Protein chains: 2
Amino acid sequence: MAKRSDTPAEETQPERKRGSGAQHVYEVLRRDILNLTLPPGSLIDEVQLSERLNMSRTPIREALVRLASEGLVSTLPNRSTVVSNIDFLNLHTFFDALTLMYRVTTRLAAENHTEADMAKIRACQAAFSHAVDTQDAQEMISTNRDFHAAIAEAGRNPYFTGLFCRLLDEGRRLLRLYYLSFDDRLPHRYVVEHDEMIAAIEARDVALCDRLGRTHADQIVAQIQQMIARDRRHDIPL
Amino acid sequence: MAKRSDTPAEETQPERKRGSGAQHVYEVLRRDILNLTLPPGSLIDEVQLSERLNMSRTPIREALVRLASEGLVSTLPNRSTVVSNIDFLNLHTFFDALTLMYRVTTRLAAENHTEADMAKIRACQAAFSHAVDTQDAQEMISTNRDFHAAIAEAGRNPYFTGLFCRLLDEGRRLLRLYYLSFDDRLPHRYVVEHDEMIAAIEARDVALCDRLGRTHADQIVAQIQQMIARDRRHDIPL
DNA sequence: TGTATTTTAGTTGTCGACAAAAATTCCGCG
DNA sequence: CGCGGAATTTTTGTCGACAACTAAAATACA
């Protein structure tokens, strides 16, 4: 495959703290994967990465193992590791899990949130609203994820939070696929729904949170399905 | 021709297949952690392990990274990694997640199971029933986990299956803590409930599966809480 | 004797190198 | 010109070694 000259330059100084090597490459790779800078199916070359980040292959391998156990990359034995591609055939399982987690985390947030949690959630919502105002699609996707992650954190259940964040990241890649140069008026609806969620959480109205979580999930699922359906037309061979 | 490997005992000969080093130590450590052979808080010494398993530190580190990202061990920076201890203060979050996953996976199994799934589930239930008959506590814990994991597999949602298996493993450690030399007549009740679950799944009765999953979870949660409460008495200082 | 500081031992994180396996190229033969 | 197999190249999995860092032991000092 042809090398791309616009690889993200991460030339760090040789001055690095001792334990942070693997952590650093983990964060870099994770960010690039979620931003689709490394599109699904990309081959990850260890020595190329080690040269680019000025470190040995050992910390890179450690980061790859971590990413593999989170499902972000797949490593074939004795073969190169590739960025996991999105399983369009089983998207419904993703939607099922996402919907349930939207509901559960919002409910739990209503029950367990503190004032500090609400402050964080409001800050995330402000960032999301700003991204919508400025029509920044990438920022919208990222801040939307942070908003719901903050709600999950307020729910105080690390098991749900862990699964939900994983799902949100997967959704981040999905949305990024279709949001590359496209936007519509739907995001305003999300801003409104987010505000409703905040109010319901603060009022500790569990039933309302459940309903809002479900409808919000339905919105996003419907949007993604619509995008896929619209995109399907290009797949017809002539 | 590929070389034939003997029984994967503790002391493996230098004859090992190339890619299987890290996998092997991962499985060994995982088994020992879940069996409480390595009790929570145990320090894991890399060089000691490398000597015991006749391999370098590199594959051992890879296995430790994987275990850490699954939460089975915690690795302090520049310090030794220890087996994660059970968070008794936040057990309720564990119970919440476990209950929800019991319900969801059983429901999905009712909707999506095939005949092959039912065969596997029945085989697991037979193994569990046999363990109950022979009063083998360790085998009961292990086969009970496999039974519910098989139901989750039949539900065909890898996100739920992943979280559920993680919870079941955590529960395996919890039960093992209290089942060391103790058993009562409760397991028979589990056999009956398992049979009811199988019937409900096969009948594709989603509502009944939901109810059975919830009550089954309640049983287990109540049992664990009772064990903890009984154990608490010893904690009173005089 | 108790406390602060230095020394020492031990463990982890990183490195470069080497061997095995796969991918690729090269070459002979039909 | 195409194809099968051997040789080469590339990439991964593993190894031993070393530096950085932590914890404990030993020493100095009030």
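FYI, side chains are in, hydrogens and waters are out, and symmetry mates aren't considered; it's all heavy atoms of this structure. First the proteins, then the strands, lettered A, B, ... as listed; each starts at 1. Remember, predicted model here, so these are calculated numbers, not experimental data.
Counting only N and O atoms by type, the side chains of A/Asp117 and A/Thr114 include a donor and acceptor under 3.5 Å apart. Under 3.5 Å, the side chains of A/Ser69 and B/Ser69 contain a donor-acceptor pair of N or O atoms. No donor-acceptor contact under 3.5 angstrom links the side chains of B/Arg172 and B/Gln138, judged on distance only.
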Table of protein N/O atoms under 3.5 Å from nucleotides 15-18 of chain C N/O atoms:
| residue | atom | partner | partner atom | Å |
| --- | --- | --- | --- | --- |
| C/dC15 | OP2 | A/Ser56 | N | 2.4 |

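To the nearest 0.5 Å, atoms CD (B/Gln125) and CG (B/Asn144) are separated by 9.0 Å. The CD atom of B/Gln48 lies 11.5 Å from the OG atom of B/Ser80; values are rounded to the nearest 0.5 Å.
Within the structure, a side-chain polar atom (N or O) of B/Arg79 is placed less than 4.0 Å from OP1 or OP2 of D/dA23.
Ionic pairing of B/Arg173 and B/Glu170 is present here: one or more N-O contacts between side-chain nitrogen and carboxylate oxygen are shorter than 4.0 angstrom.
Ring-plane geometry between B/His148 and B/His194 is classed as perpendicular, the angle between the planes exceeding 60 degrees on a 0 to 90 degree scale with a lower cut at 30.
Using a 4.5 Å cut-off on side-chain heavy atoms (C-beta onward), A/Leu64 and A/Thr75 make no contact. In this structure, B/Ile141 and B/Arg145 have side chains that are not in contact, with every pair of non-hydrogen atoms separated by 4.5 Å or more.
D/dT12 atom P lies 11 Å from atom CD1 of A/Ile60, rounded to whole Å. The separation between B/His24 atom NE2 and D/dT14 atom P is 12 Å, rounded to whole Å. Between the CG atom of B/Leu49 and the C1' atom of C/dT12 there is a distance of 14 Å, given to the nearest Å. A straight line from CD of B/Glu46 to P of D/dT14 spans 15 Å, rounded to a whole angstrom. Atoms CG (B/Asp45) and C1' (D/dT22) sit 14 Å apart, rounded to a whole Å. One interatomic measurement links the two molecules: CG of B/Asn78 to C1' of D/dC21, which rounds to 5 Å at whole-angstrom precision.
With A/His113 contributing its side chain and A/Ile201 its backbone, the two residues share a donor-acceptor pair below 3.5 Å.
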*asked:* Determine whether A/Glu111 and A/Arg156 satisfy the following criterion, salt bridge (charged side-chain N to carboxylate O under 4.0 Å, His left out), listing intermediate values before the conclusion.
replied: CA-CA 10 Å; A/Glu111 292 177 347; A/Arg156 294 276 141 69; over 6 Å; no
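For the segment residues 62-72 of chain B, no residue has any heavy atom less than 4.0 angstrom from an atom of DNA chain C.
Residue contacts shown for A/Ile44 are limited to sugar-phosphate atoms, with no base heavy atom under 4.0 Å away.
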*Going 5' to 3' along nucleotides 5-10 of chain D, which nucleotides have protein heavy atoms under 4.0 Å from the base (write B), which only from the sugar-phosphate (write S), and which from neither (write -)?*
------
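Among the nucleotides D/dT11, C/dT11, D/dA20, the one closest to any side-chain atom of A/Arg18 is D/dA20.
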